[in-house]
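First the structure, in the form of structure tokens, and then the observations on it.
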Amino acid sequence: MNRITSQNIETFLLQNYGKSIKTASTIELYNAVSRVALGCVADKMYSNSGKKRAGYLSAEYLVGRVIYANLYNMGEIDTVRKILEEKGIDLEKFEEIEDLALGNGGLGRLAACFLDSAATCSIPLDGYGIRYRYGLFKQSLVDGFQTEGADDWQRFGDPWSIRREEDVVEIVFGDQEVKAVPYDMPIIGYGGDMVNTLRLWQSEPKVPFDFIAFNDEKYSDAVKEKNRAEDISRILYPKDDTYEGKKLRLKQQYLFSSASLQDIVRKLKRAGRSPKDIGEYYSLQLNDTHPVVAIPELIRILVEEEELSFSTALKIAEKVFAYTNHTIMPEALEKWDVKLFKAVLPKVYPYVRKINSSLKNQLKKLNIPQEELKKYSIIEDNKIFMARMAIYATHSINGVAQIHTEILKNTALPEWYKIYPQRFNNKTNGITQRRWLALANQELSSLISTKIGEGWITDLSQLKALEKLKGDEEFLHQLREVKQLKKNQLAAYIEKNEGIKIDTSFIFDVQIKRLHEYKRQLLNAFSILDTYYGIKEGRIKDFKPTVYIFGAKAAPGYFRAKGIIKLINEISRLIREDPVVNKFMQVVFISNYNVSYAEKIVPAADISEQISTAGTEASGTGNMKLMLNGALTIGTYDGANVEIVQQAGEENNYIFGARVEDIAEIEASYNPSALIEKNPRLKVVVEALIDGTLRDEGTEMFQELYDSITEGASWHKPDHYYLMLDFIDYCDTRLRANQDFKDPRLIAEKSLMNIANAGSFSSDRTIKQYAEEIWQLGNK
Ligand SMILES: *Cc1c(COP(=O)(O)O)cnc(C)c1O
């Protein structure tokens with residue numbers, strides 16, 4: 001690998017801007033360092049060993065800031081720091097560079113962690129996705145309300161991407177034809193030996209500009225087709241965990257699915273191989289149902305262009321594809337209207353029908369009774385069920401945490417488990433320790449490395465060796481010092497960014513994740529209110545001062561989620577204005593939560609709030625990041641929380657609330673109003689929504705939240721995420737944790753046990769399991 005030198009950087013700056021390191025702007029410097037670094041690895045991007053590769057098909061990649069992670073993995077971060085320092089420039093300057101946010105939340109961040117892990121573990125895995133013109137919206141808070149702005153991430157260029165004109169493909173829709181243009185980003189493994197590719201497709205017009213229309217002075221007509229083509233990759237849909245049957249969204253899905261397959265088939269041919277052998281050379285993982293249209297598309301290509309029979313093509317698809325399920329919530333499951341699908345993809349629809357017929361035949365052979373066929377049917381009630389197609393026409397379906405996979409097998413998809421038990425498997429999610437420990441928390445990383453060496457950077461299970469330091473007073477003391485340092489740093493950042501001062505002697509209690517009812521930020525808010533009244537009334541004594549930190553974006557059209565943001569900010573005001581309680585409590589809602597913000601909050605957290613209703617959070621990965629950085633989890637038995645406490649010990653975390661089985665049992669007879677009437681503490685916090693204690697400025701947001709708990713709505717029963725059921729246990733558990741914090745040594749020990757047992761939550765472990773058990777790469 002070539003090395004980055006100050007000479008290379010100076011040359012780039014001179015050639016491109018007529019400047020030097022000393023005179024260049026931050027953006028210019030960023031472009032120069034990035035381009036020079038890219039030049040050091042680009043040759044490796046396009047070297048193919050000829051062995052079987054895997055492809056990750058994902059509509060989202062939540063990458064965050066790329067420059068530090070890339071330089072770190074290349075082993076060049078200290079070199080660049082030195083080069084800049086010699087000119088009096090701080091490497092931290094690049095924090096002005098915005099995040100690459102081509103994803104909503106956990107699902108997109110998982111994709112980014114997997115790419116880092118695969119390249120590090122020498123697994124040939126390429127990512128395929130969409131190059132959105134605008135990433136996830138920027139959030140600001142105005143009077144406590146969320147407002148949204150566009151994320152114009154390409155404004156200052158995109159120095160980490162290479163546009164590959166020679167790999168352009170054509171995409172045919174029912175009402176338009178476009179070009180898909182690939183942009184490649186290097187995915188650099190730790191140590192810099194392996195460089196994989198993230199290939200993002202951008203939609204462009206086949207004809208750039210209608211010259212004749214322009215000549216006739218029809219100016220807007222002249223650019224109409226151009227805009228229509230560019231619309232397809234213009235925006236990332238900002239809905240997390242809900243599904244809407246939008247035409248443009250189907251076009252996005254087909255754009256990157258079809259383009260990626262055409263690309264792979266062409267690569268095979270260029271290498272002198274037959275596309276019918278695609279299964280020998282490629283395994284393709286479908287990240288949720290967003291790329292499932294790739295299944296009929298591959299079959300179409302094999303039948304129409306390679307003249308294979310349908311049944312042969314279907315068998316090939318089954319061998320090539322595997323499907324990851326991320327949610328069982330019905331509102332998130334994709335099903336396309338047949339009429340819409342046919343209009344947008346008339347050439348693909350016949351293959352969906354054929355897949356469905358083939359399924360029907362198969363079910364007959366298996367003697368599935370007539371009345372059960374509907375449950376399996378891919379086309380039913382004029383809808384196409386994408387998850388069903390993904391199970392039928394692939395060889396693997398995996399859940400993303402043990403409990404989630406069990407729910408898939410036994411509750412969500414038992415009919416499929418009955419006929420294809422061997423297809424179901426679990427791959428518990430993970431996170432990359434390079435970004436979430438080595439880069440985000442250099443102080444803790446150094447402390448760990450002085451004790452057990454640096455092996456954990458590529459083998460996180462080595463953290464287990466820290467357990468022997470449990471009784472080491474000096475080490476526990478150092479752990480506390482690091483945590484305090486990270487809290488100080490976060491407080492300084494929040495003061496600079498939000499204009500809010502935080503007392504760093506307070507406990508930092510953190511809930512950071514997308515705003516969604518099932519994640520129950522509202523339960524957290526209610527419990528904070530309960531504590532507020534408890535302190536005022538004298539019911540709660542000796543409370544250890546706590547700052548509650550929230551970070552979350554709500555989908556712009558999700559009225560109730562936005563109401564919860566306003567509510568948290570109102571509770572913040574109530575407490576701030578109370579001279580007695582504000583010595584013990586503070587609530588801070590930071591704005592524009594994203595990967596870079598997470599990198600600052602995660603190392604500073606004392607407490608990690610993971611309080612989703614049991615059975616709703618498939619895995620979670622935020623929980624893992626916080627655990628790895630020594631936060632103690634207050635959580636329900638849900639998603640990966642279950643495995644976290646299995647590993648780190650229930651005694652070192654705080655588990656509360658109803659389990660999946662408990663909820664199943666009481667579901668039918670659940671009556672939140674009866675609970676509210678019975679317990680005045682519930683009543684007080686719920687009534688605070690409507691009795692004038694808290695104000696929503698006439699938006700009726702709080703009334704709507706109140707109704708959602710007490711009455712329900714047309715689409716759900718009252719309190720459908722069981723806040724009232726878990727409320728008292730949650731408040732009690734939080735107080736128990738609060739009292740434990742009076743013994744800093746005890747907390748440091750629990751914290752140590754969490755760090756030492758976070759090894760299995762590395763995405764290195766996860767991606768190796770995919771490679772060995774699903775993709776059968778064997779050459780890792
Ligand atoms: C890790 C991460 C998430 C996922 O958090 P969960 O708590 O697992 O939902 C979402 N957004 C960002 C920016 C993240 O870094």
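In each ligand, atom 1 is the first atom listed, and ligand 1 is the first ligand listed.
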Which of the numbered atoms in ligand 1 are below 4.0 angstrom from a heavy atom of [X]?
X: N594; value: 13 (C)
X: G620; value: 8 (O)
X: G106; value: 3 (C), 4 (C), 10 (C)
X: G105; value: 10 (C), 11 (N)
X: V595; value: 13 (C)
X: T621; value: 1 (C), 4 (C), 8 (O)
X: I512; value: 7 (O)
X: W436; value: 15 (O)

Review point. Does the pair R434/D764 count as a salt bridge with the N-to-O cut at 4.0 Å?
Key: yes
Point to revise | Ring-ring centroid check F114 Y56, cutoff 6.0 Å | key: yes
Would [X] count as a contact of ligand 1 if the rule is a heavy atom under 4.0 Å away?
X: I431; value: no
X: K519; value: yes
X: Y593; value: yes

Exercise for review: Check each of K625, K513, H516, R109 against atom 14 (C) of ligand 1 and report the one with the nearest heavy atom.
Suggested key: K625
Heavy atoms only: give me the nearest [X]-[Y] pair and the separation to one decimal.
X: I123; Y: N196; result: O-ND2, 3.0 Å
X: I328; Y: G615; result: CD1-O, 3.9 Å
X: D638; Y: I403; result: C-CG2, 4.3 Å

Review point. Does an N or O anywhere in G622 fall below 3.5 Å from an N or O of ligand 1?
Key: yes
A cation-pi test, strictly: NZ or CZ of [X] under 6.0 Å from the centre of the six-membered ring of [Y] and no more than 45 degrees from its axis. Yes or no?
X: R520; Y: Y721; answer: no
X: K409; Y: F424; answer: no
X: K239; Y: Y558; answer: no

Review point. So, S58 side chain and E60 main chain: donor-acceptor pair closer than 3.5 Å or not?
Key: yes
